[in-house]
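Each chain gets a letter, A, B and so on, in the order the sequences are listed, and its residues count up from 1.
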There are 2 protein chains.
Amino acid sequence: MTGLRERKKAATRRAIQDHALRLFLDRGYDRTTVADIAEAAGVSPMTFFRYFPTKEDVVEYDEYDPVLAELVVARPAEEHALAAVGAAVAAALATLGEGELATVLVRTRLVLRTPALRARRSAGEGATRDLLAGALARREGREDATHAHRVAAAAAVAALTTALEIWVDEDGRRHLAAVVDEAFGALLDGVGHRAPGG
Amino acid sequence: MTGLRERKKAATRRAIQDHALRLFLDRGYDRTTVADIAEAAGVSPMTFFRYFPTKEDVVEYDEYDPVLAELVVARPAEEHALAAVGAAVAAALATLGEGELATVLVRTRLVLRTPALRARRSAGEGATRDLLAGALARREGREDATHAHRVAAAAAVAALTTALEIWVDEDGRRHLAAVVDEAFGALLDGVGHRAPGG
DNA sequence: GCGGGAAGTGATAGTAACTCACACATGAGA
DNA sequence: TCTCATGTGTGAGTTACTATCACTTCCCGC
């Protein structure tokens, strides 16, 4: 695990990622070529693609998905699916510190404001949806997700994404957890599972 | 309106689109180059890009959005936002004939199964969300969409998209309206509280 | 009906993301 | 130390997409 080879590889990967993010924030995503990134990181353009299949992939969207799925499975089966996901997200967010949240804000802003990255993210949401749908099924002791589970998962991801957008729009002035709570609350109000107002 | 110039332009646009769709279905999206399409349509690659900014744009996603928005505005203000959108979609679908629906199925299948097109579509959903959010606001006599409207619109689009996925998965065996109704119903009733499938 | 101007088109040349084939070097294991 | 797998660079190529310029064809005011 700690061979020189693997450490070098990890360092190279990190270097590419760090320089890429710095350049993207500095001069914009489209104004930064892969060649620029490679040169800044001290590798050849080839090597860039050995580490990341596409230019978009160099911006990693922190993957809390598996954690979130487990938290969803742990929620009581009687709870409304959207409420379960909302609670799971709240629990996941509680583990994030101020610094981490600030980093997430910067990166989320970059992704949401760059069409190419936004499209990439949308595509990735499909995986999150599937994972969540499976988690909702397992929460009820089912093996496979039903159509209802898929719809609920899709709606939950949509609520989460909208919360992130609102959070970025507000420049992170409110705590992300508050915005997420508001978003899921709004959905649940409409469905009659929560008292209106808030 | 009926100048020779404009008619030719429309014909060229149509020719490019038709040949593109045919080639995509025939040999796949990635296996078809813009040069192939241009040659089949009898124009230069340059001209292709004069008509469509990107290769992805040549696959048009029928734009029912404005119609849908108006139908949403017409729903009673007391109705739940999701129910309002669901009813509006049902009304919009009622105007489609068998043939049109079959075309939508073919095109939707192509889009959902081609990563590049799927990503493009996801990006376009942002516009639909904004339009729907505005419609939900206007339905209540408001001028601007609140956060709640945005979340509801996002959830509605997610439900609609999931319905389309399920519809394609089932190869269009059920009527799209039935699948859409099931999807919105699942969201309104709550997961696991309604028999899935039909 | 005609002549000036605009609009559509093509050829050429270029940028940038990504791929492939091959050769080299260096760290890992015997 | 020797071997070999693995990471890396070089170079050449494909494809989406852009910019410039020149040519043709249609439209419209005279």
Undergrad: Between B/Arg31 and B/Asp26, does any NZ, NE, NH1 or NH2 come within less than 4.0 Å of an OD or OE carboxylate oxygen?
TA: no
Undergrad: With distance as the sole criterion, do the side chain of A/Arg7 and the base of C/dG27 form a donor-acceptor contact below 3.5 Å?
TA: no
Undergrad: Quick check: are there more than 12 heavy atoms from other residues, nucleotides or ligands sitting under 6.0 Å from CZ of A/Arg14?
TA: no
Undergrad: Which whole-number value in Å describes the distance from B/Asp57 CG to D/dC17 P?
TA: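 Distance, rounded to whole Å: 8 Å.
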Undergrad: So, OP1 or OP2 of D/dT8: does either fall under 4.0 Å of a side-chain N or O from A/Thr12?
TA: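 Yes, A/Thr12 has a side-chain N/O under 4.0 Å of OP1/OP2 on D/dT8.
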Undergrad: In whole Å, I'd like the distance from the CG atom of B/Leu4 to the P atom of C/dA7.
TA: 16 Å
Undergrad: Rounded to the nearest Å, what distance is computed from the CD atom of residue B/Glu39 to the P atom of nucleotide D/dA16?
TA: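 Those two atoms, CD and P, are 14 Å apart.
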Undergrad: Which is true for B/Pro53 with a 4.0 Å heavy-atom rule: it touches a base, it touches only sugar-phosphate, or it touches nothing?
TA: sugar-phosphate
Undergrad: Send over the distance from A/Arg50 CZ to C/dA17 C1', rounded to a whole Å.
TA: 16 Å
Undergrad: To the nearest Å, how far apart are A/Ile16 CD1 and D/dT8 C1'?
TA: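 For the pair A/Ile16 CD1 and D/dT8 C1', the rounded distance is 11 Å.
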Undergrad: For B/Arg5 and for B/Ala35, locate the closest nucleotide of DNA chain D by heavy-atom distance; then report the residue assigned to the nucleotide nearer the 5' terminus.
TA: B/Ala35
Undergrad: Nearest to the side chain of A/Lys55, which nucleotide is it out of C/dA11, C/dA17, D/dC17?
TA: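 Nucleotide nearest to A/Lys55's side chain: C/dA17.
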Undergrad: Give the rounded distance in Å between these two atoms: CZ of A/Phe48 and C1' of D/dG7.
TA: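 Value for this atom pair: 17 Å.
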Undergrad: Between A/Met46 (CE) and D/dG13 (P), how many Å, whole number?
TA: 16 Å
Undergrad: Looking at B/Phe48, does the NZ or CZ of B/Lys55 lie under 6.0 angstrom from its six-membered ring centre and within 45 degrees of the ring axis?
TA: no
Undergrad: Does a side-chain N or O from A/Lys9 land closer than 4.0 Å to OP1 or OP2 of D/dT6, or not?
TA: no
Undergrad: Let me know the distance between CZ of A/Phe49 and P of D/dG11, rounded to the nearest Å.
TA: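 Result: 18 Å.
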Undergrad: Quiz question: by atom type and distance under 3.5 Å, do the side chains of B/Arg129 and A/Thr162 form a donor-acceptor pair?
TA: no
Undergrad: Does the side chain of A/Phe24 reach to within under 4.5 Å of the side chain of A/Val58, using non-hydrogen atoms?
TA: yes
Undergrad: Reckon B/Tyr51 touches a base, only the sugar-phosphate, or nothing at all at heavy-atom distances under 4.0 Å?
TA: sugar-phosphate
